[in-house]
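Everything on this sheet refers to the single structure shown next.
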There are 2 protein chains.
Amino acid sequence: MNTFSEENYLKAIFRLSQMPDNKKISTSAIAEALGNNPASVVDMIRKLTDKQLIEYDKKKGVKLTTQGQKDAIQIVRKHRLWEVFLLEKLEYRWDEIHDIAEELEHIKYHDLADRLEKFLGFPEYDPHGDPIPKANGKMAKSFSASLADGKVGGSYRVAAVRDTSSEFLKYLHKLEINIGTQIKIIEQIAFDHSLIISIDNGEATTVSSKFGENILIS
Amino acid sequence: MNTFSEENYLKAIFRLSQMPDNKKISTSAIAEALGNNPASVVDMIRKLTDKQLIEYDKKKGVKLTTQGQKDAIQIVRKHRLWEVFLLEKLEYRWDEIHDIAEELEHIKYHDLADRLEKFLGFPEYDPHGDPIPKANGKMAKSFSASLADGKVGGSYRVAAVRDTSSEFLKYLHKLEINIGTQIKIIEQIAFDHSLIISIDNGEATTVSSKFGENILIS
DNA sequence: TTATAAAATTAGGTTTGCCTAATTTTATAA
DNA sequence: TTATAAAATTAGGCAAACCTAATTTTATAA
Ligand SMILES: [Mn+2]
Ligand SMILES: [Mn+2]
Ligand SMILES: [Mn+2]
Ligand SMILES: [Mn+2]
């Protein structure tokens, strides 16, 4: 079994490997993702390599092995299931659940994820719109098109959020944007790509391009 | 905040302090309770003393301070609430829940215990019959009379189990004994205090004195 | 009381997962 | 190409939470 820390590394590496940009997963990228020092990452790369959960090539960076990928997906599965639990059953707000799930995801016990999944009614997506892996590791593809890619005049359904920080989620909360909300792009400012949008047919609101990039649409 | 390990020590000390026998809480008793080496316990006694969570007197042993007691009770509260969740919502058997709760109890987040308690409908007792402390730290008294103290001919309701090991609970499961089961003492064997009992008016079964001591009745 | 056993403590060590500072390697830009 | 910057690694260290082995203290029993 893997330690809490090993699991957090596997999950971070998995997340980086899912990025659309397809950049190599470097020591510094992992350090950045976890808020650790690169020197610490070097230690852990060695450890996970010994455990055959990753492969490391200074040219190509870090890659999960089949086993490493499996392990990572099981943690993601638990993370997302617990998030559903926290939101739907314990009535936490969606900007609060991530941190708690960050701890709950590490709890290991036979069947725990499966029972939780059943109890929650086999949810397909977590509260941030991310697909929940099934017990066999299969998962739907994440949404990847962002509002920033949308056309002026187009109307889109919020399917997921790319950034799950509580700052961003609180901002969405303030704008009354949730998964399922309909957003129409009224105008795009040429200068800085800011978007003027209408939320659920409400009045025009201006948001930054960074904002638009972090809203995923379906 | 306290670490996982500190919390486990606090909980063990709390449990020892609740024992009816009123023995002093010694280094070796704590070591025994946690399965650790006495030398390690000495380290931790020092640490918890520095943190003012316990007081240590080589004559009188370890005692929780007011703060230490408060902290310990909050962990016990979470432990027992999670046990209810695991049994009632995830449908684990009562011999499985303890180990999982042993991990869940350490998860810290604002309101978590309170939300869980509300979600579960404010249960008074955990699945082993132990009282669940309220948010303010108040808790009902534990059951203390055991079946071994019962009279021949008497009929008693199983209120709690003293031993919560999976071995004991599996044995109870096999005998179809649960919280609420009615047990009649048909005879007590003078030789070794074995008990001949009838479970829910079923046929006579013989159990050991050790067994009788671990069934608490109301 | 004194010998013996048990309990507590000390001394020193290990593993895990971090860190800083220094150094080496690799990339990039003039 | 060579200087500079960035990235990766090494070296050494630290705190937490354990451990074993040795020693000291305390209890108990002859
Ligand atoms: Mn985590
Ligand atoms: Mn999520
Ligand atoms: Mn525990
Ligand atoms: Mn219990």
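Given the structure is predicted, the values throughout are model-derived calculations rather than measurements.
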From CD1 of A:Ile30 over to P of D:dA7, roughly how many Å is that when rounded to an integer? 14 Å

Select one nucleotide: of D:dT9, C:dT20, C:dA7, the one nearest the side-chain heavy atoms of B:Ser28. C:dA7

Considering only heavy side-chain atoms of A:Thr3, the closest of D:dA8, D:dA16, C:dT16 is C:dT16

Nearest-Å distance for atom pair NZ/C1', residues A:Lys60 and D:dA8: 19 Å

Please report the distance, rounded to the nearest Å, between OH in A:Tyr56 and P in D:dT9. 4 Å

What does B:Phe4 touch in the nucleic acid at a heavy-atom separation under 4.0 angstrom: a base, only the sugar-phosphate, or nothing? nothing

From CG of B:Asp50 over to P of D:dA15, roughly how many Å is that when rounded to an integer? 14 Å

Under a 4.5 Å cut-off applied to non-hydrogen side-chain atoms, are B:Asp114 and B:Phe119 in contact? no

Let me know the distance between NZ of B:Lys24 and C1' of C:dA6, rounded to the nearest Å. 12 Å

How many Å lie between CG on B:Asn8 and P on D:dA16, as a whole number? 17 Å

Candidate nucleotides C:dT9, D:dC18, D:dA27, ranked by approach to the side chain of B:Lys59 - the nearest: D:dA27

For A:His79 and A:His98, test the side chains for any donor-to-acceptor distance below 3.5 angstrom and give the result as yes or no. yes

Atom CZ of A:Arg46 to atom C1' of D:dA8: distance rounded to whole Å? 10 Å

Taking 4.0 Å as the cut-off, does a side-chain nitrogen or oxygen of B:Tyr9 come that near to OP1 or OP2 on D:dC18? yes

A:Lys51 NZ to C:dT16 C1', straight-line distance once rounded to whole Å: 12 Å

Could you give me the CA-CA distance, side-chain angles and deciding distance for A:Asp95 and A:Arg93, then say whether salt bridge (Lys or Arg N to Asp or Glu O under 4.0 Å) is met? CA-CA 5 Å; A:Asp95 58 283; A:Arg93 293 192 314 267; 3.0 Å; yes

Does any nucleotide pair with D:dT20 by Watson-Crick or G-U wobble geometry, both distances under 3.5 Å, and what is it? C:dA11

Among D:dC18, C:dA11, C:dA8, find the nucleotide with the atom closest to the side chain of B:Ala39. C:dA11

Quick note, B:Val42 side chain, CB onward, closest among D:dT10, C:dT16, C:dT10 is C:dT10

Under a 3.5 Å limit on both distances, the Watson-Crick or wobble mate of C:dT26 is D:dA5

Closest approach to the side chain of A:Ser40, judged atom by atom: which nucleotide of C:dC18, D:dA8, D:dT9 is it? C:dC18

Looking for any heavy atom pair under 4.0 Å, which part of the strands does A:Ser5 touch: base, sugar-phosphate only, or nothing? sugar-phosphate

Of the nucleotides D:dT9, C:dA8, D:dT10, which has the atom closest to the B:Thr27 side chain? C:dA8

Given DNA chain C, 5'-ward residue of the pair A:Lys58 and A:Asn37, judged by closest heavy atom: A:Asn37

Can you find an N or O donor on one side and an acceptor on the other, under 3.5 Å apart, linking the side chain of B:Asp43 with the base of D:dC18? yes

Measuring from B:Glu91:CD to B:Lys89:NZ, what's the distance to the nearest 0.5 Å? 10.0 Å

Between A:Ser26 and A:Ser28, is there a side-chain donor-acceptor contact under 3.5 Å, judged purely by atom types and distance? yes

Would you check if there is a donor-acceptor pair between the side chains of A:Asn2 and A:Lys108 at a distance under 3.5 Å? no

